[in-house]
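Contents: one structure, followed by commentary.
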Amino acid sequence: MTDVPTRHLGRLAVSAQGLGCMGMSHGYGDSDDAQSIATLHRALDLGVTLLDTADFYGAGHNEELIGRAVAGRRDEVVLATKFGFANRLGEPTRVRGDAAYVRQACEASLRRLGVDHIDLYYQHRVDPDVPIEETVGAMAELVQAGKVRHLGLSEAGAHTIRRAHAVHPITALQSEWSLWTRDIEAEIAPVCRELGIGMVPFSPLGRGFLTGQYSSVEGLAENDVRRSQPRFADGNLERNLAIVRKLKDLAAAKGVTAGQLALAWVQHRGADVVPIPGTRRLRYLEENLGALALDLSPQDLAAIEAAAPPEQIAGTRYDATSLTFVNN
Ligand SMILES: NC(=O)c1ccc[n+]([C@@H]2O[C@H](COP(=O)([O-])OP(=O)(O)OC[C@H]3O[C@@H](n4cnc5c(N)ncnc54)[C@H](OP(=O)(O)O)[C@@H]3O)[C@@H](O)[C@H]2O)c1
């Protein structure tokens with residue numbers, strides 16, 4: 001296992017790959033806390049510093065779990081969490097970004113995490129009914145109070161990012177970015193680069209699909225959110241598998257896995273890009289970190305992109321309702 005290099009999100013130094021913790025509490029079926037904590041500890045032992053959670057994941061369970069895992073190791077960790085979804089999973093989406101909610105959400109996250117400050121605090125989704133200036137103004141007050149060190153946005157659009165950054169420097173944008181989700185490349189990533197904002201691609205493995213591990217939804221738990229995602233739906237899934245087969249061939253030629261190739265492609269988007277693949281398992285954690293050692297040539301990158309042309313991806317990345325909350 002190679003050492004995990006450092007990258008910078010704005011002025012925040014983090015490991016070049018973070019660990020997405022969502023699946024330990026939410027989205028991908030039932031989890032085992034002991035297994036999750038073992039994975040978190042192994043991640044820290046291997047030099048992963050950036051841990052990604054949110055108050056929404058498992059309705060607070062995920063933050064409590066991370067809090068338990070980092071107790072006694074706080075200084076080794078860059079803790080990133082998010083606020084904004086005021087509903088529970090399965091209920092109609094309700095996003096809140098008003099100042100009172102921001103303050104209340106932060107207090108609750110600090111309590112669950114068992115820490116006195118959050119290193120990177122994101123707004124999970126932009127509230128369409130509250131000016132971003134109010135939301136980021138309240139987040140900036142948390143920085144002044146020492147409760148938060150850096151600010152981030154998730155799935156914000158280019159114009160919102162500019163307005164937010166004018167209120168207080170934004171350190172990172174966390175948005176979906178992978179071989180099968182490239183919407184931020186045209187307009188949003190260039191604005192982040194202009195403003196010196198780092199980028200944190202979420203679901204860099206396409207919710208696991210790009211690893212080639214999932215050929216049908218049959219093996220997924222009944223409560224796995226992928227069962228209701230358009231790209232995993234009948235018809236779309238089969239077409240998307242053709243892309244994964246090509247990725248697997250390219251990966252085999254390099255002696256790596258399809259997941260490692262997909263992750264390495266994201267890592268090659270730039271030195272200001274820090275993906276956060278999610279896993280509950282030691283084996284996947286180690287495999288994913290192995291992607292950091294992959295050096296892809298321009299020819300490799302072109303071949304990988306040719307295997308996954310955006311127009312051949314079948315299905316949208318979210319359902320129609322959830323899509324109304326992204327890139328805003
Ligand atoms: N800001 C947002 O709105 C937002 C949205 C979604 C996610 N996120 C964040 O981004 C993180 C990552 O996204 P994600 O978890 O949705 O998707 P992902 O990282 O693309 O994929 C995670 C899935 O892939 C599986 N997996 C991981 N490594 C693997 C490997 N080497 N081989 C085979 N399967 C592998 C995991 O399985 P196991 O879990 O069984 O190990 C899990 O089912 C989340 O944990 C969360 O922190 C943020």
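Atoms considered below: every heavy atom in the structure, side chains included; atoms not considered: hydrogens, waters and symmetry mates. Indexing begins at 1, ligand by ligand and atom by atom, following the structure's order. Keep in mind that what you see is a predicted model, and the values were worked out from it rather than measured. The first residue of the sequence shown is numbered 1, and numbering continues consecutively from there.
At a heavy-atom distance under 4.0 Å, no atom of Gln260 approaches ligand 1. Heavy atoms of Arg226 found under 4.0 angstrom from ligand 1 belong exclusively to the side chain. With a 4.0 Å cut-off on non-hydrogen atoms, Arg125 touches ligand 1 through its side chain and not its backbone. When heavy-atom distances to ligand 1 are checked against a 4.0 Å cut-off, Ser203 comes that close through both its backbone and its side chain. Contacts between Glu176 and ligand 1 below 4.0 angstrom, taking non-hydrogen atoms only, are absent altogether. Under 4.0 angstrom from ligand 1, the non-hydrogen atoms of Glu287 all belong to its side chain.
Judged purely by distance below 3.5 Å, without hydrogens or angles, the side chains of Arg280 and Ser31 pair a donor atom with an acceptor atom. Counting only N and O atoms by type, the side chains of Asn62 and Thr53 include a donor and acceptor under 3.5 Å apart.
Polar contact with ligand 1: present for Arg280 (N/O pair, distance under 3.5 Å). Annotation: Glu155 places no N or O atom under 3.5 Å from an N or O atom of ligand 1; distance criterion only. Looking at ligand 1, you won't find any N or O of Pro277 less than 3.5 Å from one of its N or O atoms. In terms of polar-atom proximity, Met22 is counted as a contact of ligand 1, with an N or O under 3.5 Å from an N or O of the ligand.
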* Going through the distances and angles, do Tyr121 and Leu142 end up as a side-chain contact (heavy atoms from CB on, under 4.5 Å)? -> CA-CA 9 Å; Tyr121 199 37; Leu142 297 173; 3.8 Å; yes
* Hey, mind stepping through Thr181 and Arg231 against side chain to side chain donor-acceptor pair (under 3.5 Å) and telling me if it holds? -> CA-CA 11 Å; Thr181 298; Arg231 288 180 179 171; 2.8 Å; yes
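Close approach of ligand 1 to Asp52 (heavy-atom distance below 4.0 Å) involves ligand atoms 9 (C), 46 (C), 47 (O). Residue contact check: Gly20 has heavy atoms under 4.0 Å from atoms 11 (C), 44 (C), 45 (O), 47 (O) of ligand 1. Ligand-side atoms of ligand 1 in range of Ser154: 1 (N), 2 (C), 3 (O), range being under 4.0 angstrom from any heavy atom. Residue Gly206 has at least one heavy-atom neighbour below 4.0 Å for each of these atoms of ligand 1: 20 (O). Each of the following atoms of ligand 1 lies closer than 4.0 Å to a heavy atom of Thr279: 27 (C), 38 (P), 39 (O), 41 (O). Under a 4.0 Å criterion applied to the non-hydrogen atoms of His124, ligand 1 contributes the atoms 1 (N), 2 (C), 3 (O).
In terms of protein heavy atoms, atom 48 (C) of ligand 1 is closest to Gln174 OE1, 3.0 Å. Scanning all protein heavy atoms for the shortest distance to atom 21 (O) of ligand 1 gives Gly208 N, 3.1 Å. Protein heavy atom in closest approach to atom 36 (C) of ligand 1: Gly278 O, 3.5 Å.
Proximity of the aromatic rings of Tyr57 and His124 is defined here by a centroid distance below 6.0 angstrom, and this criterion is met.
Within the structure, the closest approach of Tyr122 to ligand 1 does not fall below 4.0 Å when heavy atoms are considered. Pro204 counts as a contact of ligand 1, since one of its heavy atoms falls under 4.0 Å from the ligand. Ligand 1 lies less than 4.0 angstrom from a heavy atom belonging to Tyr214. Arg283 does not count as a contact of ligand 1, since none of its heavy atoms falls under 4.0 Å from the ligand. The shell of residues lying under 4.0 angstrom from ligand 1, judged by heavy atoms, includes Arg281.
Ranked by closest heavy atom to atom 16 (O) of ligand 1, the top entry among Phe209, Tyr57, Tyr28, Phe202 is Tyr28. Across the listed options Phe85, Tyr284, Phe56, Tyr284 owns the non-hydrogen atom lying nearest to atom 26 (N) of ligand 1. When the heavy-atom distances from atom 11 (C) of ligand 1 to Asn288, Val200, Ile276 are ranked, the shortest goes to Ile276.
A single hydrophobic cluster is not seen to contain both Tyr318 and Tyr214; linkage of ILVMFWY side chains at heavy-atom distances under 4.5 Å, directly or through other members, places them apart.
Atom CG of Asp45 has more than 12 neighbouring heavy atoms from other residues, nucleotides or ligands inside a 6.0 Å radius.
Considering every non-hydrogen atom in both Lys248 and Thr211, the closest pair reads CE-O, 4.4 Å. In terms of heavy-atom proximity, Arg73 sits nearest to His41 at NH1-O, 3.9 Å. Listed here is the closest heavy atom pair of Val191 and Ala158: CG2-CB, 3.9 Å. Here the closest non-hydrogen pair linking Pro5 and Leu292 is CD-CD1, 4.0 Å. In this structure, Ile184 and Met199 approach most closely via the heavy-atom pair CD1-SD, 4.1 Å.
By the 6.0 Å and 45° rule, Arg269 stacks over the aromatic ring of Trp265.
Checking side-chain atoms of Thr135 against main-chain N and O of Gly97 turns up a donor-acceptor pair under 3.5 Å.
Here the CG atom belonging to Leu79 is positioned 8.0 Å from the CD1 atom belonging to Ile118, to the nearest 0.5 angstrom.
Below 30°, between 30° and 60°, or above 60°: for Tyr101 and Phe83 the angle between ring planes is between 30° and 60°, a tilted geometry.
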